[in-house]
2 protein chains.
Amino acid sequence: MSIIFSKKCEYGIQAILFLSAEVESQICSADEISKKLLIPKEFVSKILQELTTSGIVDSKKGKSGGFFLSKPISEIRLIDVVTAIDGFDIFNKCVLGFSNCSSDSPCPVHNTWAKLSKETVQMLSEATLDEFLETTKRKLSSIGDVKN
Amino acid sequence: MSIIFSKKCEYGIQAILFLSAEVESQICSADEISKKLLIPKEFVSKILQELTTSGIVDSKKGKSGGFFLSKPISEIRLIDVVTAIDGFDIFNKCVLGFSNCSSDSPCPVHNTWAKLSKETVQMLSEATLDEFLETTKRKLSSIGDVKN
DNA sequence: ACATAATCAGATTTATTTATCTGATTAAAA
DNA sequence: TTTTAATCAGATAAATAAATCTGATTATGT
């Protein structure tokens with residue numbers, strides 16, 4: 001059970017972060033990403049193909065091919081990945097599942113959630129991948145550690 | 001696709017809110033709740049049975065039986081329902097899906113999300129059902145409206 | 001006493017999400 | 001030129017979540 005994002009989206013974000021950290025090496029294969037992030041290879045491959053379609057990553061076919069970011073990391077934000085995979089609607093839906101929840105007909109937590117939802121979008125929109133770079137690298141290097 | 005809560009949990013919360021608004025009538029059948037909230041009858045019935053097990057609601061079998069809150073509405077909080085159905089772990093998991101995400105090994109949004117997650121728990125913990133009563137009643141009366 | 005209407009337990013079905021497979025195409029390297 | 005290693009498209013399988021069904025039990029009201 002996932003909070004906020006689908007597994008697909010979580011994997012997508014992780015893969016994009018990985019690519020941002022490997023940006024000098026220009027290109028990474030799905031196999032490489034899969035091994036590093038412990039994500040099923042075919043799945044991450046599918047996800048990156050989708051992100052190729054939505055213009056966030058580019059790909060190169062054939063031997064020594066793979067995926068790479070289509071823009072400088074200073075121009076990519078996490079929200080781009082989220083929007084591409086899970087869509088933006090998740091941030092507008094009523095958190096208690098009521099239909100037609102709005103400020104005119106609010107559920108008990110409507111206003112509070114509206115604020116938190118907005119802040120979540122902000123969290124994903126404010127920073128670009130380059131601002132995360134150091135944290136990303138440290139995090140990636142600790143994947144698979146028993147304890148950290 | 002649900003943000004934060006499973007559909008089961010959303011339905012559970014809605015049902016509890018319904019019971020809080022119908023607290024004078026003492027008892028409501030699954031059929032009644034289902035019709036009002038537009039939730040499949042057998043599903044809401046199952047959920048309320050689970051909430052009976054976890055002590056949030058009580059039930060009465062047989063003709064003119066049904067469900068009712070086991071405590072005064074001034075003693076029930078939304079977080080109780082969430083914990084009973086989806087568990088508390090959802091609030092501790094990494095929002096980007098990294099394992100072992102912690103302040104020692106944070107993902108790029110770890111700290112921001114920790115704050116937002118905490119505030120979400122607060123939103124569900126602060127108020128008791130009686131503090132929501134008016135909003136709840138208004139909301140319930142507008143369910144099924146084409147526009148509101 | 002009997003019909004009715006409810007919970008309840010457990011199995012089953014359906015839908016959705018997650019994951020895998022197959023084969024075609026592509027391009028680099030041997 | 002052939003082998004190799006990659007994307008890519010589309011189908012399939014497996015796992016999980018959501019919804020439904022079946023029958024037993026329980027208690028109310030006629």
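Below, read A as the first sequence line, B as the second, and so on, with proteins coming before strands; counting in each chain starts at 1.
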Given [options], which nucleotide is nearest the side-chain atoms of [X]?
{"X": "A:Lys61", "options": "D:dT7, C:dT20, C:dA9", "result": "D:dT7"}
{"X": "A:Ser29", "options": "C:dA19, D:dA6, C:dA9", "result": "D:dA6"}
{"X": "B:Ser59", "options": "D:dA18, C:dT7, D:dA19", "result": "C:dT7"}
{"X": "A:Lys7", "options": "C:dC8, D:dC8, C:dA19", "result": "C:dA19"}
{"X": "B:Phe67", "options": "D:dA5, C:dC8, C:dT20", "result": "C:dC8"}
{"X": "B:Tyr11", "options": "D:dA19, C:dA19, C:dC8", "result": "D:dA19"}
{"X": "B:Ser64", "options": "D:dA18, D:dG29, D:dA9", "result": "D:dG29"}

Separation of atom [atom1] in [X] from atom [atom2] in [N], rounded to whole Å:
{"X": "B:Leu51", "N": "C:dT7", "atom1": "CG", "atom2": "C1'", "value": "14 Å"}
{"X": "A:Glu32", "N": "D:dA5", "atom1": "CD", "atom2": "C1'", "value": "13 Å"}
{"X": "B:Ile27", "N": "C:dA5", "atom1": "CD1", "atom2": "C1'", "value": "12 Å"}
{"X": "A:Phe5", "N": "C:dT17", "atom1": "CZ", "atom2": "P", "value": "16 Å"}
{"X": "A:Ile33", "N": "D:dA5", "atom1": "CD1", "atom2": "C1'", "value": "15 Å"}
{"X": "A:Glu10", "N": "C:dT18", "atom1": "CD", "atom2": "C1'", "value": "12 Å"}
{"X": "B:Lys60", "N": "D:dT26", "atom1": "NZ", "atom2": "C1'", "value": "11 Å"}
{"X": "B:Glu42", "N": "C:dT12", "atom1": "CD", "atom2": "C1'", "value": "13 Å"}

Using only heavy-atom distances, determine whether the side chains of [X] and [Y] contain a donor-acceptor pair under 3.5 Å.
{"X": "B:Ser29", "Y": "B:Asp31", "value": "no"}
{"X": "A:Glu50", "Y": "A:Ser54", "value": "no"}
{"X": "B:Thr128", "Y": "B:Glu131", "value": "yes"}

Checklist entry - Checking all strands, does A:Lys46 fall into the base, sugar-phosphate, or nothing category for heavy-atom contacts under 4.0 angstrom? => result base
Item to check | Salt-bridge present (B:Glu42, B:Lys46; N to O < 4.0 Å) | outcome: no
Next on the checklist: Rounded at 0.5 Å granularity, tell me how far CD in A:Gln122 sits from CD1 in A:Ile79.
Outcome noted: 10.5 Å
